[in-house]
Amino acid sequence: MSVVLYDYLPSGNGYKCRLVLKALGLPYELRQMNIVAGATRTPEYLAINPNGKIPVLAVPGRGALAESHAIIGYLAEGSKLVPADRFERGQMWQWMGFEQYQLEPGVATVRFWLHSLKKTPEELGDRYTERFQRGAEALAVLERGLTGRRWLVGEAVSLADIALFAYTHVADEAGYRLADFPAISAWIASFKSLPWYAPITEP
């Protein structure tokens, strides 16, 4: 039996999991959950993940695993996506922590408000202003980190690139201008040239 991924296709967090599964050629069953319609708030889903969020990976014989970075870390352990060098692994987790605590709360939150909930900056008011600025600052940090580099860690693509790519490459949907970030734009182009790349809304 293959693993089951509970996901919402526009979600960057779920996209990270699908990219890792595709990169490693791992079979899985996709169960799409409409989070806007409340699909993750039903008693049945809360029994799988009490936090009521996606993604969740159901592993036969073991149970359910939530949180995107926990899932991709589990899937990729011992693979080409995790640097063999101990210090580079530390750098990988450094960037993944940055994604969760700085980039995602800005870029991903604003994108969800505008793209999925169809809100306007005017409706959101100060919340929009604060989150948009947080995202802009995170993109500036990522731009500096990628300047002169093809990948974030070492000489090969890693989980760090997958984690940061997920929401960064659709930052224009949150109102940012990716053209203003040449290093990020070059990195996005490199990522899209990978043989296992797939668009975010592709099942």
Point to revise | Residues forming a side-chain contact (heavy atoms from CB on, under 4.5 Å) with Glu130, sequence neighbours excluded | key: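 Partners of Glu130 by the side-chain contact (heavy atoms from CB on, under 4.5 Å) criterion, ordered by chain and then number, come out as Arg134.
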Just so I know, are the side chains of [X] and [Y] near enough to count as touching, which here means a heavy-atom distance under 4.5 Å?
X	Y	result
Leu114	Lys118	no
Phe165	Glu99	no
Leu30	Gln32	yes

Exercise for review: Answer with yes or no after comparing the ring centroid distance for Tyr197 and His169 against a 6.0 Å cut-off, counting only values under it.
Suggested key: no
Point to revise | Check: Tyr167 ring centre within less than 6.0 Å of Tyr15 ring centre | key: no
Check your understanding: Between Arg31 and Glu29, is there a salt bridge with N-O shorter than 4.0 Å?
Key -> yes
Review point. Between Arg18 and Asp7, is there a salt bridge with N-O shorter than 4.0 Å?
Key: yes
Nearest heavy-atom neighbours spanning [X] and [Y]:
X	Y	value
Met96	Leu159	SD-CB, 3.8 Å
Ile71	Cys17	CG2-SG, 3.6 Å
Ala70	Ala66	CB-O, 3.5 Å

Given 3.5 Å as the limit, does a donor-acceptor pair link the side chain of [X] with the main chain of [Y], or not?
X	Y	answer
Ser193	Ser190	yes
Asn34	Tyr8	no
Arg149	Trp151	yes
Arg150	Trp187	no
Ser79	Leu75	no
Asn49	Lys53	yes

Would you say [Y] ends up clustered with [X] if hydrophobic residues are merged whenever their side chains have heavy atoms under 4.5 Å apart, either directly or through other cluster members?
X	Y	result
Leu117	Ile200	yes
Leu139	Tyr101	no
Ile54	Leu46	no

Review point. Which of parallel (below 30°), tilted (30 to 60°) and perpendicular (above 60°) describes Phe191 and Trp196?
Key: perpendicular
Point to revise | From Ser68 atom OG to Lys16 atom NZ, the distance as rounded to the nearest 0.5 Å | key: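 Taking OG in Ser68 and NZ in Lys16, the distance rounds to 3.5 Å.
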